[in-house]
J.: 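Just dropping this structure here.
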Amino acid sequence: MSDPTSNESVAQVQEDWVRGPLARFLTSNVETVDVDPEQKYPTVGVLNRGRGLLYREPVAGSSTSYKKLNRIGPGVLVYSRLKAFEGAITVTHDDLPESFASQEFPTFSFAPTADPEFFRILTTTQRMWDALQAASKGMGGRRERVKPVDFLNISMAIPPLPAQKRIVEVIGSVDEQITALDAEADALDDLWWALGREMVVAVKGERTVPLASFCDISGGLTKNKKDLEQPDLVEVPYLRVANVHRHHLNLSEVATIQTTQAKAGKLRLRRGDVLMNEGGDRDKLGRGHVWEGQISDCIHQNHVFRVRVTDQSFDPYFVSAWGNTFGRNWFETFGTQTTGIASINRATLSRFPVPDVPLSVQQDWAGRLGAVVKTMDSLRDQAESLRATRASLVSGLLDQSITIDV
């Protein structure tokens, strides 16, 4: 009897990989239903880059123009014909309740030689997204579609069933670690909000002063084509709304922009500057964090306010925390809304009320909240590192540069 962990066993499994069309492993199983005006239909979509299903509010049959819907069952592969080129594909979970989607969402059942969990992993890979993009046909990005027949003709190398299950086991162990880290970080985020509410209650009734009374508030760079005609252009990194989040900065992708030396100097961020967003969704107004000099010569766009504390009796981290906690509801109340976009202007931000409490009190709250954020950020970083490891591991397993015993 051969040893299943021997090199011979591994080699045999590698030889048993099959390259062929997905039709060898998947079969169309679309089930349509006639829309009943008297019924409501729980509907789903498919998120891009293999991120699973998007759960929508139930749709009343009387309020939709669709005459037919596709039933989306548990344990099936489903993709969006319209957004397949964005990687909108997934495998539904076995506990999926009754769900429906438009006929733009074909479904497929699995052959006995295909493990649905393995194919769910496959839907999260760049190779699957690239294959879908190559199969997209039509004129213009949003009009491109992947027809089911073209999808089933996509050719891929698929391992034998035992190897599929082993890959699922290996990747599943990594996913469990990522899930655990995310859960710990989410719990700390809840703790941060609880501490923030405690802080708001603790300083309730204290005298407040307007933000502009102890800060220099500045808007950021507005793109101007005339600047590009100037002889003293410099290219500098600049922060956008996408970089500025509540109690942290996402600096994984920082854009650069050309501007004059004078503007670059005037808008250059300094350590301790408080960054606050000017616009976006209503619940994101004023959100931000403190700049700690992570990138040299960095400036900010016009949709991000720079708040520079000029009175040493105020702590920037306390100001930022106050803006992220008490300020969330305050900015929602006093912000403006036009065509779906909420915003605050400089005048509104200038009168934002901040408690005039002793510096020691500010630093105590800032320290407690900051400690939570530091631990939370560490956990998020660990999870992101594991996600990168997972992607490399999946890629190596699928191109067989990494072998595992079965």
Side-chain angles (χ1 to χ4, degrees), residues 48-49 85-86 126 133 140-142 211-212 214-281 284-312 314 316-317 319-320 323-324 327 331 335-352 377 380-381 384 388:
N48 65 1
R49 300 180 71 81
F85 72 98
E86 295 179 349
Q126 189 68 49
Q133 191 169 52
R142 288 295 172 184
L211 188 66
F214 63 92
C215 292
D216 175 47
I217 302 173
S218 171
L221 181 69
T222 301
K223 290 185 178 180
N224 186 343
K225 291 182 179 180
K226 291 185 177 180
D227 282 353
L228 300 179
E229 301 171 1
Q230 303 302 313
D232 62 338
L233 289 180
V234 291
E235 186 167 347
V236 293
Y238 81 118
L239 299 184
R240 300 163 294 149
V241 169
N243 300 119
V244 181
H245 295 258
R246 202 175 303 280
H247 65 56
H248 77 279
L249 301 176
N250 181 354
L251 303 179
S252 58
E253 293 183 14
V254 177
T256 61
I257 193 168
Q258 287 187 321
T259 188
T260 63
Q261 290 184 6
K263 287 185 178 181
K266 180 181 179 181
L267 297 173
R268 186 175 297 123
L269 295 172
R270 299 179 192 170
R271 185 184 296 272
D273 285 344
V274 180
L275 299 167
M276 304 178 81
N277 281 340
E278 172 245 19
D281 295 335
K284 296 178 178 60
L285 295 180
R287 76 176 186 184
H289 193 47
V290 179
W291 180 249
E292 297 176 336
Q294 296 94 325
I295 302 172
S296 299
D297 300 322
C298 192
I299 66 173
H300 54 111
Q301 71 169 184
N302 60 310
H303 297 302
V304 176
F305 287 111
R306 185 266 292 151
V307 178
R308 181 168 294 159
V309 176
T310 56
D311 184 337
Q312 298 306 306
F314 285 89
Y317 288 91
V319 173
S320 181
N324 282 323
F331 290 126
T336 59
Q337 184 99 24
T338 56
T339 61
I341 299 175
S343 64
I344 51 174
N345 57 33
R346 184 173 173 177
T348 300
L349 184 59
S350 295
R351 61 187 178 90
F352 175 59
D377 286 348
R380 300 281 192 213
D381 289 344
E384 284 306 305

J.: Once you round to the nearest 0.5 Å, how far does CZ of Phe305 lie from CG of Asn277?
T.: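 Between atom CZ of Phe305 and atom CG of Asn277 there are 9.5 Å.
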J.: Measure the CG-CD1 distance between Leu285 and Ile344 for me, rounded to the nearest 0.5 Å.
T.: 5.5 Å
J.: Indicate the atoms forming the closest heavy-atom contact of Pro237 with Ser296, along with that distance.
T.: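 The pair with the smallest heavy-atom distance is CG-O, 3.6 Å.
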J.: Taking side chain as C-beta onward, heavy atoms only, is Glu278 less than 4.5 Å from Asn302?
T.: no
J.: Taking the side chain as every heavy atom from C-beta outward, state whether Cys298 and Trp291 have any pair of such atoms under 4.5 Å apart.
T.: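 The answer is yes; the side chains approach within 4.5 Å.
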J.: Quick one: side chain to side chain donor-acceptor pair (under 3.5 Å) partners of Asp216, sequence neighbours excluded?
T.: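 With sequence neighbours excluded, Asp216 shows a side chain to side chain donor-acceptor pair (under 3.5 Å) to Arg306, given in chain and number order.
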J.: Run the ring-ring contact (aromatic ring centres under 6.0 Å, His included) test against Tyr317 and tell me which residues pass, sequence neighbours left out.
T.: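 For Tyr317, no residue satisfies ring-ring contact (aromatic ring centres under 6.0 Å, His included) once neighbours in sequence are set aside.
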J.: To the nearest 0.5 Å, what is the distance between OG1 on Thr256 and CD1 on Ile299?
T.: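 Atom-to-atom, Thr256:OG1 and Ile299:CD1 are 10.0 Å apart.
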J.: Show every donor-acceptor pair shorter than 3.5 Å between a side-chain atom in residues 257-266 and any protein atom, with sequence neighbours excluded, or say none if there are none.
T.:
residue : atom : partner : partner atom : Å
Thr260  : OG1  : Lys263  : N            : 3.2
Lys263  : NZ   : Asp227  : OD1          : 3.3
Lys263  : NZ   : Asp227  : OD2          : 2.9

J.: To check you understand the geometry: which heavy-atom pair defines the closest contact between His300 and Leu267, and what is its length?
T.: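 Closest approach of His300 to Leu267: CD2-O, 3.6 Å.
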J.: ring-ring contact (aromatic ring centres under 6.0 Å, His included) with His247: which residues, sequence neighbours excluded?
T.: Trp192
J.: Please report the closest heavy-atom contact between Thr310 and Cys215, naming both atoms and the distance.
T.: OG1-N, 3.8 Å
J.: I need the minimum non-hydrogen distance between Val241 and Arg287, along with the two atoms involved.
T.: O-NH2, 3.8 Å
J.: Quick one: does Asn324's side chain have a donor or acceptor within less than 3.5 Å of a partner on Gly288's backbone?
T.: yes
J.: How close do Val319 and Phe214 get, heavy atom to heavy atom, and via which atoms?
T.: CG2-CE1, 3.8 Å
J.: Please enumerate all residues that pass side chain to side chain donor-acceptor pair (under 3.5 Å) together with Glu384, with sequence neighbours excluded.
T.: Arg387
J.: Check side chain to side chain donor-acceptor pair (under 3.5 Å) between Arg351 and all other residues, then give those that pass, not counting sequence neighbours.
T.: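 Residues passing side chain to side chain donor-acceptor pair (under 3.5 Å) with Arg351: none at all.
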J.: Just how far is it from atom CD of Glu292 to atom CG of Asp273, taken to the nearest 0.5 Å?
T.: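 Taking CD in Glu292 and CG in Asp273, the distance rounds to 11.5 Å.
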J.: Could you tell me which residues satisfy salt bridge (Lys or Arg N to Asp or Glu O under 4.0 Å) with Arg49, sequence neighbours excluded, listed by chain and number?
T.: none
J.: Going by heavy atoms in the side chains, are Leu249 and Val244 under 4.5 Å from each other?
T.: yes
J.: Looking at residues at least two apart in the chain, or sitting in another chain, which of them share a side chain to side chain contact (heavy atoms under 4.5 Å, CB included) with Ala255?
T.: Tyr238, Arg240
J.: Does any non-hydrogen side-chain atom of Leu251 lie less than 4.5 Å from one of Leu239?
T.: yes
J.: Side chain of Asn243, backbone of Asn250: donor and acceptor closer than 3.5 Å?
T.: yes
J.: Could you list the residues that satisfy side chain to side chain donor-acceptor pair (under 3.5 Å) with Arg268, not counting sequence neighbours?
T.: Asp297
J.: Could you measure the distance from the NE2 atom of His289 to the CG atom of Asp377? Nearest 0.5 Å is fine.
T.: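 The distance works out to 7.0 Å.
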J.: Determine which pairs satisfy ring pair (Phe, Tyr, Trp, His ring centres under 6.0 Å) with at least one residue from residues 258-280, sequence neighbours left out, and list them in order.
T.: none
J.: If you look at every heavy atom in Ile295 and Val254, which pair is closest and at what distance?
T.: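 Reported closest heavy-atom pair: CD1-CG2, 3.8 Å.
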J.: If the condition is side chain to side chain contact (heavy atoms under 4.5 Å, CB included), which residues does Ser350 pass it with, not counting sequence neighbours?
T.: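 For Ser350, the residues satisfying side chain to side chain contact (heavy atoms under 4.5 Å, CB included) (neighbours in sequence not counted) are Ala212, Ile217, Arg346.
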J.: Apply ring-ring contact (aromatic ring centres under 6.0 Å, His included) to Phe331 and list each qualifying residue two or more places apart in sequence or on a separate chain.
T.: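 If we apply the ring-ring contact (aromatic ring centres under 6.0 Å, His included) test to Phe331, skipping adjacent residues, the hits are Phe352.
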